[in-house]
Number of protein chains: 2
Amino acid sequence: MHFSIGELSKKTGVKVPTIRYYEQEGLIAPPIRTDGNQRRYQDRDRERLAFIRHSRDLGLTMEAIRDLLNLSAHPQAPCENVDRIAADQLEAVRERIARLQRLETELARIVRSCDGHHPIAECNVMAAFSDHGKCDGDH
Amino acid sequence: MHFSIGELSKKTGVKVPTIRYYEQEGLIAPPIRTDGNQRRYQDRDRERLAFIRHSRDLGLTMEAIRDLLNLSAHPQAPCENVDRIAADQLEAVRERIARLQRLETELARIVRSCDGHHPIAECNVMAAFSDHGKCDGDH
DNA sequence: CCTTGAACCTCTAGTGGCTAGAGCACCTAT
DNA sequence: ATAGGTGCTCTAGCCACTAGAGGTTCAAGG
């Protein structure tokens with residue numbers, strides 16, 4: 001029924017200090033305590049923490065998660081705001097992918113430009129890092 | 001010949017506080033000062049800072065940049081270590097892309113699963129955030 | 001009942017790579 | 001001579017934790 005922070009950690013995969021941090025930040029409610037001041041959790045807490053964990057794994061910021069948790073407190077309200085948070089996150093992920101792909105192209109070109117057998121003074125990789133003019137895009 | 005930190009900033013696109021931060025971190029040498037204690041830079045400093053800036057734009061960590069700068073102090077040494085830093089960075093970028101693409105797939109599926117016109121209690125997006133079991137991969 | 005040691009507690013500081021702000025001094029143009 | 005734009009140092013803040021110190025409590029075994 002009631003379990004310790006270590007057990008909650010094992011059940012959810014969230015590290016113990018992180019759980020305490022989430023409590024401090026108001027993402028999870030302060031649980032009840034034993035006479036000796038140790039935290040004791042219930043299934044309710046486990047579900048909420050699992051939600052937070054999974055949302056973090058999906059790349060959501062703590063702010064977005066906070067918004068979702070607030071929204072979930074009004075289960076009758078329409079879910080458009082929920083969906084918008086997810087759509088925004090998808091868009092953000094797509095932008096980061098696009099940016100990284102430009103980087104990858106550039107780095108691949110740089111790596112190909114040298115075989116590792118020159119003195120550094122004549123290394124094309126070194127030259128490429130020095131000089132943006134040798135790049136195609138703007139990254 | 002000699003120019004102020006503001007001018008160096010304009011020439012390189014690195015913000016003034018960032019230049020001071022790089023100096024503090026030992027990436028660039030402390031420049032000479034005016035009688036009134038203001039920094040005065042030379043072209044040499046501009047080149048080094050441009051190198052740092054471009055390397056940062058290519059996603060290198062400050063540690064990797066520090067390594068490159070140290071290597072460049074031995075221009076006769078073979079460039080294999082330089083090339084390895086670049087190759088490692090390329091590999092890191094590719095891993096981040098792969099991870100983000102898994103995320104994108106998952107998020108796209110989640111976003112598609114709801115049209116925004118349900119009460120939150122029945123929202124598939126909300127359900128997907130709660131429960132990793134509904135996901136394909138492990139992100 | 002007592003002891004052991006694993007797990008818990010709070011509090012502070014550190015991570016990376018900057019950025020913002022306070023409260024001053026200086027430098028250049030008029 | 002003065003105005004205001006630029007410079008200086010120092011401290012704190014950002015995000016989302018993570019690490020460590022120094023102490024307390026809990027559960028299992030004797």
Under 4.0 Å between any heavy atoms, over every strand shown, what does B/Arg39 touch: base, sugar-phosphate, or nothing? Just pick one.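 Answer is sugar-phosphate: B/Arg39 comes under 4.0 Å of backbone atoms only.
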
Using a cut-off of 4.0 Å on non-hydrogen atoms, how would the nucleic acid contact of A/Arg56 be classed: base, sugar-phosphate, or nothing?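 Sugar-phosphate only.
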
Which is it for B/Tyr21 and B/Leu27 under the side chain to side chain contact (heavy atoms under 4.5 Å, CB included) test, yes or no, and what are the steps along the way? CA-CA 9 Å; B/Tyr21 169 71; B/Leu27 287 189; over 6 Å; no

With side chain to side chain contact (heavy atoms under 4.5 Å, CB included) as the criterion, how do B/Asp45 and B/Ile28 come out once you've worked through the C-alpha distance, each side chain's angles and the decisive distance to 0.1 Å? CA-CA 7 Å; B/Asp45 301 307; B/Ile28 55 182; 5.9 Å; no

Return the 5'-most residue of the pair B/Asn37, A/Asn37 with respect to DNA chain D, ranking by each residue's nearest nucleotide.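 The answer here is B/Asn37.
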
What verdict does the side chain to side chain contact (heavy atoms under 4.5 Å, CB included) test give for A/Arg96 and B/Arg96, after you've listed the backbone C-alpha separation in whole Å, the side-chain angles of each residue and the deciding distance to 0.1 Å? CA-CA 10 Å; A/Arg96 286 165 63 197; B/Arg96 286 164 63 197; over 6 Å; no

Take atom [atom1] of [X] and atom [atom2] of [N], then tell me their distance rounded to the nearest Å.
X	N	atom1	atom2	value
B/Glu25	C/dG16	CD	P	9 Å
A/Ile19	C/dT10	CD1	P	13 Å
A/Tyr21	C/dT12	OH	P	17 Å
A/Asp57	D/dC17	CG	P	10 Å
B/Glu63	C/dG17	CD	P	9 Å
A/Lys10	C/dA7	NZ	P	6 Å
A/Ile28	D/dA16	CD1	P	16 Å
B/Arg33	D/dT9	CZ	P	4 Å

Under 4.0 angstrom between [X] side-chain N/O and [N] OP1 or OP2:
X	N	value
A/Thr34	D/dC26	yes
A/Thr18	D/dA16	no
A/Arg20	C/dT10	no

For the side chain of [X], starting at C-beta, report the closest nucleotide among [options].
X	options	answer
A/Met62	D/dC17, D/dC26, C/dG17	D/dC17
A/Gln38	C/dC27, C/dT10, D/dT25	D/dT25
B/Tyr22	C/dC18, D/dA16, C/dC9	C/dC18
B/Ile5	D/dG7, C/dT10, C/dT19	D/dG7
A/Pro17	D/dT18, D/dG7, D/dA27	D/dT18

Name the residue closer to the 5' end of DNA chain C, choosing between B/Arg40 and A/Glu7 according to the nucleotide with the nearest heavy atom.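 Residue closer to the 5' terminus by nearest nucleotide: A/Glu7.
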
Mapping B/Lys15 and A/Gly6 onto DNA chain C by nearest heavy atom, which one lands closer to the 5' end?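 Looking at DNA chain C, the more 5' nearest nucleotide goes with A/Gly6.
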
Hey, what do you get for [atom1] ([X]) to [atom2] ([Y]), rounding to the nearest 0.5 Å?
X	Y	atom1	atom2	result
A/Asn124	A/Ile110	CG	CD1	10.0 Å
B/Glu23	B/Ile5	CD	CD1	7.0 Å
B/Arg66	B/Leu71	CZ	CG	13.5 Å

